[in-house]
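One structure below.
Remember, it's 1-based here, ligands and their atoms both numbered in the order they're listed.
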Amino acid sequence: MTTSSNRTVIIEMERVVLRQLMAADAPALYAIFSHPEVMRYWASPPWTSITQAEERLARAQNGYRSEEGFQWGIERREDGDLMGTCSLFSFNRPSRRCEIGYALGRPYWGQGYMGEALRALVAYAFTTLDLNRLEADIDPRNTSSAKTLERLGFQTEGFLPERWIVGDEVSDTWLYGLLRRNWQKDGRR
Ligand SMILES: CC(C)(COP(=O)(O)OP(=O)(O)OC[C@H]1O[C@@H](n2cnc3c(N)ncnc32)[C@H](O)[C@@H]1OP(=O)(O)O)[C@@H](O)C(=O)NCCC(=O)NCCS
């Protein structure tokens, strides 16, 4: 972990940097999580107030301190834009597993940025954090998210009907999983 320009960098990749979120990110975070297309298959409705961004940033800071969860910003190297976030949460330490979550601002879709960010996140989880298993819970209609996971080697493990109720919409889940031994076998994608 290094610190530069007042921001705490976790991992640098070719085009993206994973870094801690900070108070100045509130407007960019709000732009991402208030967008209806980004939130279409999310487990909660689009944000409607910048206060929600500020609360999320406070939770992220708590997570870094307590190590109970990590939500990192995905910054574009070429211009420093905060494009999205990716997270490790719901840790079960004895079983060495957690869930991953991710969202990219609408203007940044379709360019492989999330794939690059998640390759770094998965490597961090299996090496630095020494986890054995990662899980992702996605809406079966969220085909771009499924493709992103499958490119990383995640496999479908189960169908959970009517797992979520967001507003008046009931939705199902495909549970995806990735074991460290399969990730290693595949040459650390
Ligand atoms: C899920 C989500 C992150 C996927 O975004 P994405 O940009 O499609 O994801 P990737 O980074 O994997 O990019 C892959 C796409 O970029 C394209 N691409 C373009 N240049 C590329 C490059 N240099 N490298 C890799 N892929 C590239 C790929 O062809 C692919 O497009 P395709 O799926 O149409 O074939 C995005 O749709 C999102 O944030 N959705 C809202 C939040 C959400 O649903 N999160 C998941 C909840 S579980």
By salt bridge (Lys or Arg N to Asp or Glu O under 4.0 Å) - contacts of R56 (at least two apart): none
Measuring from each atom of ligand 1, which residues have a heavy atom under 4.0 Å away? R15, V38, W42, Y102, A103, L104, W109, G110, Q111, G112, Y113, M114, G115, D137, I138, N142, S144, S145, K147, T148, R151
With sequence neighbours excluded, what pairs up with R40 under the side chain to side chain contact (heavy atoms under 4.5 Å, CB included) test? R141, E169
Close aromatic pair by centroid cut-off 6.0 Å: W72 and Y124: yes
If a pair satisfies ring-ring contact (aromatic ring centres under 6.0 Å, His included) and one of its residues is in residues 92-115, list it, with sequence neighbours excluded. none
For D25 and R19: C-alpha separation, side-chain torsions, deciding distance, then whether salt bridge (Lys or Arg N to Asp or Glu O under 4.0 Å) applies. CA-CA 11 Å; D25 292 322; R19 64 158 174 83; 2.9 Å; yes
Before you tell me yes or no, could you show the steps for R133 and E157 under salt bridge (Lys or Arg N to Asp or Glu O under 4.0 Å), namely the whole-Å CA-CA distance, both residues' side-chain angles and the distance that decides it to 0.1 Å? CA-CA 12 Å; R133 173 182 164 78; E157 296 181 332; 2.7 Å; yes
